[in-house]
There are 2 protein chains.
Amino acid sequence: MALRHAVLAALLDGEHSGYQLAKAFDVGMANFWHALPQQLYAELAKLEREGLLAGREVVQESRPNKRLFSVTDAGLAELHRFAAAPSKPSSIRDDLMVKVAAADSVDAAALIEQLEERAGIAAAKIELFEQLLRKMRGDLDEAEFLARGARIGPYLTCLRGRRFERENLDWCNEAVSVLRAREGSDAQL
Amino acid sequence: MALRHAVLAALLDGEHSGYQLAKAFDVGMANFWHALPQQLYAELAKLEREGLLAGREVVQESRPNKRLFSVTDAGLAELHRFAAAPSKPSSIRDDLMVKVAAADSVDAAALIEQLEERAGIAAAKIELFEQLLRKMRGDLDEAEFLARGARIGPYLTCLRGRRFERENLDWCNEAVSVLRAREGSDAQL
DNA sequence: AACAACATGTAAGCAGTTACATGATTTA
DNA sequence: TAAATCATGTAACTGCTTACATGTTGTT
């Protein structure tokens, strides 16, 4: 049960609505934790009931009303506790990798197509991360920001996301060229 | 529901028992799909009921008896279908990254400790992948194996795993040195 | 006129985790 | 003699996904 902590961490840079959080969990946050809007609304309600978040209603005119949430002292304490506790190793789940693992028994063309699609997604994400990183840095250059910038946490996770997607892109391209080369000359040992 | 496909893929290189699979899902397979032994035993039983796997009892003397499973034609057909179907993007879940995202509000020392531990784990995994890759290659050099080796699927996913862990290691080290540097001079903007 | 963005949820079902349960043999 | 390896499961719980449900405003 750690979606709760991901939500608390996401709310550290100010109050957000469920809708705003859902978008955050679709970009920067999504590198290490993914969640659908329904899940977020449910989790926010739960965290509020438990007193780890405080919600306030904001009445809007040309928009539906919304509820903004912020982390309470109890919420901060819970984050502290969580950060100090040992965690289990990360878990990854990727259908495409399962398909590649079965590459020898499966249609190569379909695999190549999906690897190329994935490479495109990775490239787009890299671009997104670059933007996010620039935005977080503001006027400072990277060394300066790493040394003295505010909110280093999200910056570091973004750096991890960029590294991950670069590897993803490179590997997809490598896998595609290997599979293509074997398609032509299918003399397997 | 794709553990089933991961199991089918894992059984492509011959029959295995639940126990053997559990070990495989703890090393090579774990890069893209993680599963506990209980889950595997349950899934194997289910796949056998559905006719995608065939199990046979092997009586042993100095060991408990075991059941070895292999993929049936129906299982292969299901893998084909799965490989050709579109899949949703990979999902990652990593507690440690959630903690790093909250780095500005939590205890830096505890974070550094966990990042170093993770770096160690990553280094060990890299070594493990190197071994696995050498073992799969056998006498061939890498270019040769990529071009003509048997069972390229597991080799490619292993290459992905090694890339991932290298990035992990580098990033953990980077994050540690950033956090250390900030610990000393805590003049945040 | 159609679609994207804003905004929030409920209900049912399925997948994954944790705890429990057992017991022989080989290695340190 | 203690621990690791071999070997297989059940039961209860929790968390995640899919499907459903609604309605306005701004953009193309």
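In the text below, chain A, chain B and the rest are named by the order of the sequence lines, each starting its count at 1.
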| ring pair (Phe, Tyr, Trp, His ring centres under 6.0 Å) partners of B:Phe164, counting only residues at least two apart | A:Phe164

| task | With sequence neighbours excluded, tell me which residues meet ring pair (Phe, Tyr, Trp, His ring centres under 6.0 Å) with B:Phe82. | result |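 Partners of B:Phe82 under the ring pair (Phe, Tyr, Trp, His ring centres under 6.0 Å) test: B:His5.
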
| task | Using a heavy-atom cut-off of under 4.0 Å over every strand shown, decide if A:Gln60 touches base, sugar-phosphate, or nothing. | result |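 Contact class for A:Gln60: sugar-phosphate only.
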
Approximate separation, where rounding is to 0.5 Å, of [X] [atom1] and [Y] [atom2]:
X        : Y        : atom1 : atom2 : value
B:Ser87  : A:Glu117 : OG    : CD    : 8.0 Å
B:Ile152 : A:Asp104 : CD1   : CG    : 7.0 Å
A:Leu132 : A:Glu127 : CG    : CD    : 10.5 Å

| message | Under 4.0 Å between a side-chain nitrogen and a carboxylate oxygen: does that hold for A:Glu15 and A:Arg56? | response | yes

d([atom1], [X]; [atom2], [N]) in whole Å:
X       : N      : atom1 : atom2 : value
B:Glu43 : C:dG16 : CD    : P     : 8 Å
A:Leu40 : C:dA7  : CG    : P     : 15 Å
A:Gln38 : C:dG13 : CD    : C1'   : 14 Å
A:Tyr41 : C:dA11 : OH    : P     : 17 Å
A:Gln39 : C:dT10 : CD    : P     : 14 Å
B:Leu36 : C:dA19 : CG    : C1'   : 12 Å

| field | chain B contact limits on DNA chain D, taken 5' to 3' with a cut-off of 4.0 angstrom to heavy atoms | value | D:dT5 to D:dT18

| request: Among residues two or more places apart or on two chains, list those pairs meeting side-chain hydrogen bond (donor to acceptor under 3.5 Å, both in side chains) that have a residue in residues 58-67 of chain B. | output: B:Glu48-B:Arg67

Residues from [range] sitting under 4.0 Å of DNA chain C, heavy atoms only?
range                     : result
residues 63-70 of chain B : B:Arg63, B:Pro64
residues 47-59 of chain B : none
residues 13-23 of chain B : none
residues 76-96 of chain A : A:Lys88, A:Arg93

| In terms of hydrophobic clustering (I, L, V, M, F, W, Y; side-chain heavy atoms under 4.5 Å; direct or indirect links), are B:Leu111 and A:Trp33 co-clustered? |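 Yes, it is one cluster - the side chains of B:Leu111 and A:Trp33 are joined through contacts under 4.5 Å.
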
| query | Which residue pairs pass the salt bridge (charged side-chain N to carboxylate O under 4.0 Å, His left out) test when at least one of the two sits in residues 85-95 of chain A, sequence neighbours left out? | reply | A:Asp94-A:Arg118

| field | Pairs meeting criterion salt bridge (charged side-chain N to carboxylate O under 4.0 Å, His left out) with involvement of residues 26-35 of chain A, two or more places apart | value | none

| query | Can you tell me if CD on B:Gln131 sees more than 12 non-hydrogen neighbours from other groups inside 6.0 Å? | reply |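 For B:Gln131, atom CD is crowded (more than 12 foreign heavy atoms under 6.0 Å).
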
| message | Quick check on A:Asp73: does its CG atom have over 12 non-hydrogen neighbours (other residues, nucleotides or ligands) under 6.0 Å away? | response | no

| remark: For B:Val27, the other hydrophobic cluster members (4.5 Å side-chain criterion, sorted by chain and number) are B:Leu128

| Terminal axis angle for the helix from C:dA1-D:dT28 to C:dA28-D:dT1, five pairs an end, nearest 10 degrees |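 Taking the rotation axis at each end, their angle is 50°.
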
